[in-house]
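All remarks here apply to the structure that follows.
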2 protein chains.
Amino acid sequence: MMDIQIAVIDDHDLFREGLKLVLNQVEGFHVAYDTSNGYHFLETLNNIPIDMALMDIEMPVINGIQATGKALQVKPDLKIIALSMFSDTSHYTQMIHAGVRGFVLKKANKFELEQAIRTVHQGGNYFSQEILKKLAFRYTDQPSDRDQLTGREIEIIALICQGLTSYEISGQLHISVKTVETHRSNIFLKANVKNTAGLIVWAIKNQYYTVQ
Amino acid sequence: MMDIQIAVIDDHDLFREGLKLVLNQVEGFHVAYDTSNGYHFLETLNNIPIDMALMDIEMPVINGIQATGKALQVKPDLKIIALSMFSDTSHYTQMIHAGVRGFVLKKANKFELEQAIRTVHQGGNYFSQEILKKLAFRYTDQPSDRDQLTGREIEIIALICQGLTSYEISGQLHISVKTVETHRSNIFLKANVKNTAGLIVWAIKNQYYTVQ
DNA sequence: CTGTATCTCAGGGTTTACCCCGATAAAAAA
DNA sequence: TTTTTTATCGGGGTAAACCCTGAGATACAG
(Lines give C-alpha, C1' and ligand atoms only; values in the text may rest on other atoms or scores of the structure.)
Protein backbone atom coordinates (compact mmCIF):
# COMPACT_ATOMS: atom_id res chain seq x y z
CA MET A 1 0.00 0.00 0.00
CA MET A 2 1.17 3.48 -0.88
CA ASP A 3 2.22 5.86 1.84
CA ILE A 4 0.14 8.96 2.47
CA GLN A 5 2.20 11.77 0.96
CA ILE A 6 2.18 14.76 3.29
CA ALA A 7 3.27 18.37 2.93
CA VAL A 8 4.07 20.47 5.98
CA ILE A 9 3.74 24.25 5.71
CA ASP A 10 4.91 26.02 8.85
CA ASP A 11 7.27 28.91 9.45
CA HIS A 12 8.42 27.57 12.81
CA ASP A 13 11.53 25.75 11.65
CA LEU A 14 12.08 23.77 14.82
CA PHE A 15 8.51 22.56 14.94
CA ARG A 16 8.41 21.73 11.26
CA GLU A 17 11.68 19.77 11.41
CA GLY A 18 10.47 17.83 14.42
CA LEU A 19 7.07 17.16 12.94
CA LYS A 20 8.70 15.80 9.80
CA LEU A 21 10.70 13.30 11.82
CA VAL A 22 7.69 12.33 13.94
CA LEU A 23 5.45 11.74 10.92
CA ASN A 24 8.08 9.81 8.98
CA GLN A 25 8.29 7.39 11.91
CA VAL A 26 4.61 6.56 11.51
CA GLU A 27 3.81 3.50 9.38
CA GLY A 28 2.16 4.58 6.16
CA PHE A 29 3.08 8.27 6.39
CA HIS A 30 5.65 10.09 4.36
CA VAL A 31 6.48 13.78 4.43
CA ALA A 32 7.12 14.49 0.76
CA TYR A 33 7.55 18.23 1.08
CA ASP A 34 7.98 20.89 3.69
CA THR A 35 8.37 24.64 3.61
CA SER A 36 8.23 27.68 5.83
CA ASN A 37 6.46 29.63 3.16
CA GLY A 38 2.91 29.48 1.83
CA TYR A 39 4.10 31.07 -1.40
CA HIS A 40 6.62 28.33 -2.13
CA PHE A 41 3.97 25.73 -1.44
CA LEU A 42 1.62 27.23 -4.04
CA GLU A 43 4.42 27.46 -6.59
CA THR A 44 5.47 23.83 -6.28
CA LEU A 45 1.97 22.44 -5.74
CA ASN A 46 1.71 20.97 -9.23
CA ASN A 47 5.21 19.51 -9.21
CA ILE A 48 4.92 17.36 -6.10
CA PRO A 49 2.61 14.39 -5.63
CA ILE A 50 0.93 15.00 -2.26
CA ASP A 51 -2.36 13.82 -0.78
CA MET A 52 -2.45 15.97 2.28
CA ALA A 53 -1.16 19.28 3.62
CA LEU A 54 -0.68 20.28 7.24
CA MET A 55 -1.03 24.04 7.22
CA ASP A 56 -0.03 26.55 9.86
CA ILE A 57 -2.23 29.64 10.04
CA GLU A 58 0.05 32.43 11.13
CA MET A 59 2.80 32.78 8.58
CA PRO A 60 4.58 35.71 6.95
CA VAL A 61 3.92 36.78 3.34
CA ILE A 62 0.96 34.49 2.70
CA ASN A 63 -0.97 33.22 5.69
CA GLY A 64 -2.57 29.80 6.00
CA ILE A 65 -6.03 31.05 5.12
CA GLN A 66 -4.96 32.53 1.80
CA ALA A 67 -2.68 29.59 1.01
CA THR A 68 -5.50 27.10 1.70
CA GLY A 69 -7.96 28.93 -0.54
CA LYS A 70 -5.56 29.23 -3.45
CA ALA A 71 -4.25 25.68 -3.13
CA LEU A 72 -7.79 24.28 -3.30
CA GLN A 73 -8.52 26.34 -6.41
CA VAL A 74 -5.58 24.69 -8.12
CA LYS A 75 -6.04 21.20 -6.63
CA PRO A 76 -9.58 20.76 -5.28
CA ASP A 77 -9.02 17.15 -4.20
CA LEU A 78 -6.14 18.12 -1.88
CA LYS A 79 -6.94 17.48 1.76
CA ILE A 80 -5.79 20.20 4.12
CA ILE A 81 -5.61 20.09 7.89
CA ALA A 82 -5.01 23.31 9.80
CA LEU A 83 -2.34 23.15 12.47
CA SER A 84 -2.52 26.07 14.82
CA MET A 85 -0.95 27.23 18.02
CA PHE A 86 -3.91 29.10 19.33
CA SER A 87 -7.49 28.10 19.50
CA ASP A 88 -8.16 31.47 17.96
CA THR A 89 -11.81 32.06 17.32
CA SER A 90 -11.49 34.37 14.34
CA HIS A 91 -8.87 32.26 12.59
CA TYR A 92 -10.43 28.85 12.62
CA THR A 93 -13.74 30.04 11.21
CA GLN A 94 -11.83 31.59 8.32
CA MET A 95 -9.86 28.39 7.84
CA ILE A 96 -12.99 26.25 7.79
CA HIS A 97 -14.49 28.65 5.27
CA ALA A 98 -11.33 28.36 3.18
CA GLY A 99 -11.93 24.63 2.96
CA VAL A 100 -9.84 22.75 5.50
CA ARG A 101 -10.99 19.22 6.33
CA GLY A 102 -9.60 19.25 9.84
CA PHE A 103 -8.20 21.39 12.59
CA VAL A 104 -5.60 20.19 15.08
CA LEU A 105 -3.93 22.28 17.76
CA LYS A 106 -0.17 22.17 18.04
CA LYS A 107 -0.46 21.16 21.65
CA ALA A 108 -2.04 17.88 20.51
CA ASN A 109 -0.02 14.67 20.80
CA LYS A 110 1.15 12.61 17.84
CA PHE A 111 -1.63 10.06 18.25
CA GLU A 112 -4.28 12.70 17.80
CA LEU A 113 -2.53 14.08 14.73
CA GLU A 114 -2.12 10.57 13.34
CA GLN A 115 -5.83 9.93 13.79
CA ALA A 116 -6.70 13.26 12.19
CA ILE A 117 -4.56 12.50 9.14
CA ARG A 118 -6.01 9.00 8.69
CA THR A 119 -9.58 10.22 9.14
CA VAL A 120 -9.23 13.05 6.67
CA HIS A 121 -7.35 10.86 4.20
CA GLN A 122 -10.28 8.44 4.20
CA GLY A 123 -12.61 11.29 3.32
CA GLY A 124 -13.73 12.35 6.79
CA ASN A 125 -13.29 15.46 8.89
CA TYR A 126 -11.35 15.88 12.09
CA PHE A 127 -11.63 18.78 14.51
CA SER A 128 -9.96 18.92 17.89
CA GLN A 129 -12.16 18.83 20.94
CA GLU A 130 -11.25 22.44 21.81
CA ILE A 131 -12.35 23.63 18.39
CA LEU A 132 -15.67 21.84 18.59
CA LYS A 133 -16.29 23.39 21.99
CA LYS A 134 -15.58 26.82 20.59
CA LEU A 135 -17.88 26.21 17.65
CA ALA A 136 -20.70 25.11 19.92
CA PHE A 137 -20.06 28.17 22.06
CA ARG A 138 -20.17 30.44 19.03
CA TYR A 139 -23.54 29.22 17.91
CA THR A 140 -25.10 29.73 21.28
CA ASP A 141 -23.18 32.90 21.95
CA GLN A 142 -23.29 34.90 18.75
CA PRO A 143 -24.82 33.64 15.51
CA SER A 144 -22.01 35.18 13.45
CA ASP A 145 -23.86 36.26 10.30
CA ARG A 146 -26.03 38.90 11.89
CA ASP A 147 -23.20 40.14 14.06
CA GLN A 148 -20.93 41.23 11.25
CA LEU A 149 -19.56 44.71 11.72
CA THR A 150 -20.34 47.40 9.18
CA GLY A 151 -17.72 49.53 7.49
CA ARG A 152 -18.51 52.53 9.62
CA GLU A 153 -18.26 50.47 12.78
CA ILE A 154 -14.84 49.13 11.84
CA GLU A 155 -13.75 52.68 11.11
CA ILE A 156 -14.89 53.84 14.52
CA ILE A 157 -13.25 50.89 16.30
CA ALA A 158 -9.91 51.99 14.89
CA LEU A 159 -10.40 55.52 16.21
CA ILE A 160 -11.50 54.29 19.64
CA CYS A 161 -8.38 52.11 19.80
CA GLN A 162 -6.30 55.19 19.05
CA GLY A 163 -7.60 56.66 22.28
CA LEU A 164 -10.00 59.18 20.78
CA THR A 165 -13.13 60.20 22.67
CA SER A 166 -16.55 60.12 21.07
CA TYR A 167 -16.40 63.89 20.71
CA GLU A 168 -13.04 63.72 18.94
CA ILE A 169 -14.28 60.96 16.66
CA SER A 170 -17.35 63.01 15.78
CA GLY A 171 -15.06 65.86 14.73
CA GLN A 172 -12.83 63.58 12.70
CA LEU A 173 -15.73 62.01 10.80
CA HIS A 174 -17.86 65.19 10.67
CA ILE A 175 -20.82 63.51 12.36
CA SER A 176 -22.70 64.08 15.58
CA VAL A 177 -21.46 62.84 18.95
CA LYS A 178 -24.76 61.03 19.32
CA THR A 179 -24.12 59.10 16.15
CA VAL A 180 -20.74 58.02 17.41
CA GLU A 181 -22.33 56.90 20.67
CA THR A 182 -24.93 54.90 18.79
CA HIS A 183 -22.21 53.14 16.79
CA ARG A 184 -20.31 52.53 20.02
CA SER A 185 -23.31 50.84 21.61
CA ASN A 186 -23.98 48.72 18.53
CA ILE A 187 -20.34 47.64 18.46
CA PHE A 188 -20.53 46.66 22.14
CA LEU A 189 -23.51 44.44 21.40
CA LYS A 190 -21.80 42.75 18.47
CA ALA A 191 -18.51 42.29 20.28
CA ASN A 192 -20.32 41.20 23.42
CA VAL A 193 -18.33 43.50 25.69
CA LYS A 194 -19.49 46.02 28.22
CA ASN A 195 -16.98 48.86 28.03
CA THR A 196 -14.16 50.40 26.03
CA ALA A 197 -11.55 48.30 27.79
CA GLY A 198 -13.22 45.08 26.74
CA LEU A 199 -13.75 46.40 23.24
CA ILE A 200 -10.09 47.17 22.66
CA VAL A 201 -8.91 43.77 23.83
CA TRP A 202 -11.57 42.21 21.63
CA ALA A 203 -10.59 44.38 18.65
CA ILE A 204 -6.94 43.43 18.94
CA LYS A 205 -7.79 39.78 19.44
CA ASN A 206 -9.96 39.82 16.33
CA GLN A 207 -7.45 41.85 14.37
CA TYR A 208 -9.58 44.92 13.82
CA TYR A 209 -6.68 46.85 15.31
CA THR A 210 -3.01 45.97 15.23
CA VAL A 211 -0.51 46.80 17.93
CA GLN A 212 3.13 47.62 17.04
CA MET B 1 33.77 12.75 24.20
CA MET B 2 30.60 12.46 26.22
CA ASP B 3 27.32 13.61 24.75
CA ILE B 4 25.54 16.57 26.29
CA GLN B 5 22.67 15.04 28.25
CA ILE B 6 19.53 17.07 27.70
CA ALA B 7 16.12 17.13 29.37
CA VAL B 8 13.09 18.57 27.56
CA ILE B 9 10.20 19.88 29.64
CA ASP B 10 7.27 20.95 27.50
CA ASP B 11 3.58 20.19 27.64
CA HIS B 12 3.14 20.37 23.87
CA ASP B 13 3.51 16.68 23.07
CA LEU B 14 3.96 17.06 19.35
CA PHE B 15 6.62 19.72 19.72
CA ARG B 16 8.46 17.80 22.44
CA GLU B 17 8.45 14.58 20.44
CA GLY B 18 9.76 16.35 17.39
CA LEU B 19 12.37 18.27 19.32
CA LYS B 20 13.66 15.03 20.84
CA LEU B 21 14.18 13.54 17.40
CA VAL B 22 15.80 16.71 16.06
CA LEU B 23 18.22 16.98 18.96
CA ASN B 24 19.14 13.29 18.90
CA GLN B 25 20.19 13.73 15.29
CA VAL B 26 22.75 16.33 16.31
CA GLU B 27 26.29 15.07 16.91
CA GLY B 28 27.11 15.28 20.60
CA PHE B 29 23.56 15.77 21.82
CA HIS B 30 21.42 13.25 23.62
CA VAL B 31 17.94 13.75 25.02
CA ALA B 32 18.13 11.73 28.24
CA TYR B 33 14.74 12.69 29.58
CA ASP B 34 11.57 14.40 28.51
CA THR B 35 8.29 15.18 30.20
CA SER B 36 5.21 17.30 29.79
CA ASN B 37 5.21 18.15 33.45
CA GLY B 38 7.42 20.41 35.54
CA TYR B 39 6.46 18.42 38.60
CA HIS B 40 7.74 15.13 37.21
CA PHE B 41 10.96 16.82 36.23
CA LEU B 42 11.61 18.03 39.77
CA GLU B 43 10.83 14.60 41.19
CA THR B 44 13.24 12.73 38.92
CA LEU B 45 15.90 15.43 38.86
CA ASN B 46 18.28 13.54 41.17
CA ASN B 47 17.83 10.19 39.44
CA ILE B 48 18.81 11.24 35.94
CA PRO B 49 22.24 12.46 34.84
CA ILE B 50 21.54 15.60 32.81
CA ASP B 51 23.66 18.64 31.99
CA MET B 52 21.03 20.82 30.47
CA ALA B 53 17.29 21.41 30.52
CA LEU B 54 15.15 23.02 27.83
CA MET B 55 12.22 24.46 29.69
CA ASP B 56 8.90 25.67 28.37
CA ILE B 57 7.35 28.55 30.30
CA GLU B 58 3.64 28.07 30.01
CA MET B 59 2.78 24.71 31.48
CA PRO B 60 -0.02 23.41 33.67
CA VAL B 61 0.45 22.57 37.36
CA ILE B 62 3.96 24.01 37.72
CA ASN B 63 5.06 26.61 35.21
CA GLY B 64 8.57 27.02 33.85
CA ILE B 65 9.46 29.85 36.18
CA GLN B 66 8.68 27.88 39.32
CA ALA B 67 10.24 24.69 37.93
CA THR B 68 13.45 26.56 37.04
CA GLY B 69 13.77 28.12 40.48
CA LYS B 70 13.24 24.87 42.34
CA ALA B 71 15.46 22.82 40.05
CA LEU B 72 18.36 25.23 40.57
CA GLN B 73 17.92 25.03 44.34
CA VAL B 74 18.38 21.27 44.13
CA LYS B 75 21.04 21.26 41.41
CA PRO B 76 22.72 24.70 41.11
CA ASP B 77 25.10 23.60 38.34
CA LEU B 78 22.25 22.61 36.04
CA LYS B 79 22.06 24.77 32.94
CA ILE B 80 18.58 25.77 31.89
CA ILE B 81 17.47 27.34 28.63
CA ALA B 82 13.98 28.75 28.38
CA LEU B 83 12.04 27.73 25.29
CA SER B 84 9.04 29.90 24.74
CA MET B 85 6.41 30.51 22.14
CA PHE B 86 5.95 34.16 22.80
CA SER B 87 8.50 36.86 23.22
CA ASP B 88 6.61 37.70 26.35
CA THR B 89 8.23 40.51 28.26
CA SER B 90 6.83 39.72 31.65
CA HIS B 91 7.76 36.07 31.37
CA TYR B 92 11.31 36.34 30.21
CA THR B 93 12.29 38.80 32.90
CA GLN B 94 10.91 36.36 35.45
CA MET B 95 12.74 33.48 33.79
CA ILE B 96 16.03 35.36 33.78
CA HIS B 97 15.48 36.18 37.40
CA ALA B 98 14.79 32.50 38.10
CA GLY B 99 18.24 31.69 36.73
CA VAL B 100 18.02 30.57 33.12
CA ARG B 101 21.24 30.79 31.09
CA GLY B 102 19.52 31.29 27.79
CA PHE B 103 16.29 32.08 26.07
CA VAL B 104 15.31 30.70 22.69
CA LEU B 105 12.00 31.22 20.92
CA LYS B 106 10.21 28.21 19.53
CA LYS B 107 10.14 29.82 16.13
CA ALA B 108 13.93 29.55 16.02
CA ASN B 109 15.53 27.02 13.70
CA LYS B 110 17.55 24.04 14.86
CA PHE B 111 20.87 25.71 14.16
CA GLU B 112 20.07 28.54 16.54
CA LEU B 113 18.98 26.10 19.22
CA GLU B 114 22.10 24.03 18.64
CA GLN B 115 24.27 27.10 19.05
CA ALA B 116 22.39 28.10 22.18
CA ILE B 117 22.90 24.67 23.75
CA ARG B 118 26.61 24.57 22.92
CA THR B 119 27.19 28.12 24.16
CA VAL B 120 25.39 27.55 27.43
CA HIS B 121 27.04 24.17 27.92
CA GLN B 122 30.44 25.83 27.67
CA GLY B 123 29.45 28.24 30.40
CA GLY B 124 28.11 31.09 28.33
CA ASN B 125 24.73 32.70 27.88
CA TYR B 126 22.50 32.72 24.84
CA PHE B 127 19.55 34.98 24.23
CA SER B 128 17.63 35.20 20.98
CA GLN B 129 17.89 38.37 18.98
CA GLU B 130 14.22 39.18 19.61
CA ILE B 131 14.74 38.98 23.35
CA LEU B 132 17.76 41.27 23.24
CA LYS B 133 15.81 43.75 21.15
CA LYS B 134 13.01 43.75 23.67
CA LEU B 135 15.46 44.31 26.49
CA ALA B 136 17.13 47.17 24.63
CA PHE B 137 13.73 48.63 23.76
CA ARG B 138 12.71 48.60 27.38
CA TYR B 139 15.79 50.48 28.43
CA THR B 140 15.65 53.09 25.69
CA ASP B 141 11.93 53.62 25.76
CA GLN B 142 11.48 54.17 29.44
CA PRO B 143 14.86 54.71 31.01
CA SER B 144 13.74 56.96 33.85
CA ASP B 145 13.57 55.16 37.14
CA ARG B 146 10.68 57.38 38.11
CA ASP B 147 8.51 55.98 35.36
CA GLN B 148 8.80 52.38 36.45
CA LEU B 149 5.49 50.90 37.42
CA THR B 150 5.02 49.59 40.92
CA GLY B 151 3.73 46.11 41.69
CA ARG B 152 0.32 47.41 42.62
CA GLU B 153 0.10 49.39 39.41
CA ILE B 154 0.92 46.37 37.27
CA GLU B 155 -1.71 44.42 39.15
CA ILE B 156 -4.31 47.07 38.46
CA ILE B 157 -3.37 47.32 34.78
CA ALA B 158 -4.18 43.66 34.36
CA LEU B 159 -7.60 44.13 35.92
CA ILE B 160 -8.35 47.20 33.81
CA CYS B 161 -7.41 45.24 30.69
CA GLN B 162 -9.88 42.55 31.75
CA GLY B 163 -12.60 45.17 31.45
CA LEU B 164 -13.21 45.70 35.16
CA THR B 165 -14.41 49.09 36.40
CA SER B 166 -12.68 50.93 39.22
CA TYR B 167 -15.46 49.87 41.55
CA GLU B 168 -15.05 46.21 40.61
CA ILE B 169 -11.28 46.44 41.02
CA SER B 170 -11.70 48.00 44.46
CA GLY B 171 -13.84 45.04 45.47
CA GLN B 172 -11.36 42.54 44.07
CA LEU B 173 -8.40 44.09 45.87
CA HIS B 174 -10.33 45.08 49.00
CA ILE B 175 -9.35 48.74 48.71
CA SER B 176 -11.26 51.98 48.19
CA VAL B 177 -12.50 53.14 44.80
CA LYS B 178 -10.57 56.35 45.39
CA THR B 179 -7.35 54.39 45.76
CA VAL B 180 -7.97 52.62 42.49
CA GLU B 181 -8.61 55.95 40.80
CA THR B 182 -5.39 57.34 42.19
CA HIS B 183 -3.46 54.37 40.82
CA ARG B 184 -5.25 54.80 37.51
CA SER B 185 -4.18 58.44 37.27
CA ASN B 186 -0.60 57.60 38.22
CA ILE B 187 -0.50 54.86 35.59
CA PHE B 188 -1.78 57.31 32.97
CA LEU B 189 1.07 59.68 33.78
CA LYS B 190 3.69 56.96 33.57
CA ALA B 191 2.28 55.46 30.39
CA ASN B 192 1.74 58.92 28.92
CA VAL B 193 -1.80 58.21 27.86
CA LYS B 194 -5.00 60.10 28.51
CA ASN B 195 -7.68 57.43 28.86
CA THR B 196 -8.37 53.74 29.32
CA ALA B 197 -8.32 53.10 25.59
CA GLY B 198 -4.79 54.44 25.28
CA LEU B 199 -3.72 52.58 28.38
CA ILE B 200 -4.81 49.20 27.10
CA VAL B 201 -3.05 49.61 23.78
CA TRP B 202 0.04 50.76 25.66
CA ALA B 203 -0.18 47.82 28.09
CA ILE B 204 -0.43 45.30 25.28
CA LYS B 205 2.36 46.99 23.35
CA ASN B 206 4.61 46.87 26.40
CA GLN B 207 3.46 43.36 27.24
CA TYR B 208 1.95 44.12 30.59
CA TYR B 209 -1.07 42.31 29.23
CA THR B 210 -1.14 39.53 26.69
CA VAL B 211 -3.88 38.93 24.17
CA GLN B 212 -4.69 35.35 23.07
C1' DC C 1 17.08 60.14 61.55
C1' DT C 2 15.31 61.94 57.40
C1' DG C 3 13.99 61.98 52.83
C1' DT C 4 11.71 59.12 49.24
C1' DA C 5 8.58 55.81 47.38
C1' DT C 6 4.52 53.23 47.84
C1' DC C 7 -0.05 52.44 49.13
C1' DT C 8 -3.76 54.12 51.07
C1' DC C 9 -8.03 57.38 51.22
C1' DA C 10 -11.03 61.58 50.68
C1' DG C 11 -13.61 65.89 48.93
C1' DG C 12 -15.41 68.00 45.13
C1' DG C 13 -15.49 68.91 40.66
C1' DT C 14 -16.00 68.22 35.13
C1' DT C 15 -16.14 65.28 31.37
C1' DT C 16 -17.05 61.15 29.11
C1' DA C 17 -19.09 56.78 28.75
C1' DC C 18 -22.97 54.15 28.61
C1' DC C 19 -28.16 53.07 28.50
C1' DC C 20 -32.86 53.82 27.71
C1' DC C 21 -36.10 55.52 24.38
C1' DG C 22 -37.36 57.00 19.66
C1' DA C 23 -36.71 58.68 14.88
C1' DT C 24 -35.52 59.70 9.68
C1' DA C 25 -33.46 58.92 5.12
C1' DA C 26 -30.88 56.46 1.98
C1' DA C 27 -29.01 52.33 0.31
C1' DA C 28 -29.07 47.48 -0.30
C1' DA C 29 -31.23 43.22 -0.41
C1' DA C 30 -35.28 40.26 -0.76
C1' DT D 1 -41.71 46.85 -4.47
C1' DT D 2 -41.34 45.84 0.17
C1' DT D 3 -38.16 44.85 3.76
C1' DT D 4 -33.80 45.14 6.00
C1' DT D 5 -29.61 47.26 6.85
C1' DT D 6 -26.89 51.17 7.49
C1' DA D 7 -25.92 55.64 8.91
C1' DT D 8 -27.60 59.44 10.85
C1' DC D 9 -29.42 62.31 15.06
C1' DG D 10 -31.81 63.57 19.46
C1' DG D 11 -33.69 63.80 24.58
C1' DG D 12 -32.75 62.58 29.02
C1' DG D 13 -30.78 60.09 32.25
C1' DT D 14 -27.18 57.30 35.48
C1' DA D 15 -22.73 55.50 36.09
C1' DA D 16 -18.08 55.76 35.42
C1' DA D 17 -14.01 58.03 34.22
C1' DC D 18 -10.97 61.58 34.87
C1' DC D 19 -8.75 65.83 37.26
C1' DC D 20 -7.04 68.44 41.16
C1' DT D 21 -5.74 68.89 45.74
C1' DG D 22 -4.32 67.18 49.99
C1' DA D 23 -2.88 63.79 53.37
C1' DG D 24 -1.83 59.74 56.70
C1' DA D 25 0.85 55.20 57.29
C1' DT D 26 4.52 52.32 56.33
C1' DA D 27 8.74 50.80 54.68
C1' DC D 28 13.09 51.39 52.92
C1' DA D 29 17.51 53.66 51.83
C1' DG D 30 20.87 57.19 52.47
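Here is how names work: the chains are called A, B, and so on, in the same order as the sequence lines, proteins then strands, and each is numbered from 1. The structure displayed is predicted, hence computed values, not measured ones.
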Closest contact, heavy atoms only, B/V100 versus B/F127: O-CZ, 4.4 Å
Surrounding NZ of A/K75 (heavy atoms of other residues, nucleotides or ligands, distance under 6.0 Å), is the total greater than 12? yes
Count the heavy atoms belonging to other residues, nucleotides or ligands that lie under 6.0 Å from CG of B/N192, then report whether that count exceeds 12. no
Separation of C/dC18 P from A/I160 CD1 (nearest whole Å): 8 Å
For DNA chain C, which residues of residues 161-171 of chain A approach it to below 4.0 angstrom with any heavy atom? A/T165, A/S166
Enumerate all atom pairs, one protein N or O and one N or O from nucleotides 28-30 of chain D, separated by less than 3.5 Å.
none

When A/I9 is tested against each of A/D34, A/T35, A/T68, A/N37 for side chain to side chain contact (heavy atoms under 4.5 Å, CB included), which residue passes? A/T35
Rounding to an integer number of Å, can you tell me how far B/I187 CD1 sits from C/dT8 P? 12 Å
Can you check the B/I175 CD1 to D/dA25 P distance for me, whole Å? 18 Å
For C/dC9, does OP1 or OP2 lie under 4.0 Å from any side-chain N or O of B/T179? yes
So, does B/R152 get its side chain near the phosphate of C/dT8, meaning an N or O under 4.0 Å from OP1 or OP2? yes
Test side-chain contact (heavy atoms from CB on, under 4.5 Å) on B/L173 and B/V180 and set out the steps. CA-CA 9 Å; B/L173 300 179; B/V180 178; 5.5 Å; no
Output yes when B/E168 and A/K194 qualify as a salt bridge under the 4.0 Å nitrogen-oxygen rule, no when they do not. yes
Taking all non-hydrogen atoms of both residues into account, name the closest pair between A/I57 and A/S84 and its distance. CD1-CB, 3.7 Å
Does a salt bridge link B/K106 with B/D56, judged by any charged N lying under 4.0 Å from a carboxylate O? yes
B/R184 side chain: which of D/dA17, C/dT8, D/dA7 is closest? D/dA17
Nearest heavy-atom pair of B/Y126 and B/E112: which atoms, and what distance? OH-CG, 3.0 Å
Whole Å only: how far is the CG atom of A/L199 from the C1' atom of C/dC18? 13 Å
Let's see if you can work this out: which of C/dC18, D/dA7, D/dC18 has an atom nearest to the side-chain heavy atoms of A/N195? C/dC18
Just the rounded figure in Å: distance from P of C/dC20 to CZ of A/F188. 13 Å
Taking C/dG13 as the reference, what is the distance to D/dG24 when you measure between their C1' atoms (whole Å, please)? 23 Å
Using side chain to side chain donor-acceptor pair (under 3.5 Å), reason through B/R16 and B/S36 one step at a time and then give a plain yes or no. CA-CA 8 Å; B/R16 192 182 68 248; B/S36 65; 4.5 Å; no
According to a strict under-4.0 Å criterion, is A/S176 in side-chain N/O contact with OP1 or OP2 of D/dG10? yes
Below 4.0 angstrom, N of the basic side chain to O of the carboxylate: do A/R152 and A/E155 qualify? yes
All heavy atoms of B/A71 vs all of B/L42, minimum pair found to be N-CD2, 3.6 Å
Take A/A197 and B/I156, find for each the nucleotide of DNA chain C with the closest heavy atom, and name the residue whose nucleotide sits nearer the 5' end. B/I156
Just checking B/E181: base, sugar-phosphate only, or nothing, at a heavy-atom cut-off of under 4.0 Å? base
C/dC20 P sits how many Å from A/K178 NZ, rounded? 13 Å
Without decimals, in angstroms, what is the distance between B/I154 CD1 and C/dT6 P? 11 Å
B/S/- along nucleotides 22-30 of chain C (protein heavy atoms under 4.0 Å) is ---------
Rounded distance in Å - CG (B/L149) to C1' (C/dA5): 14 Å
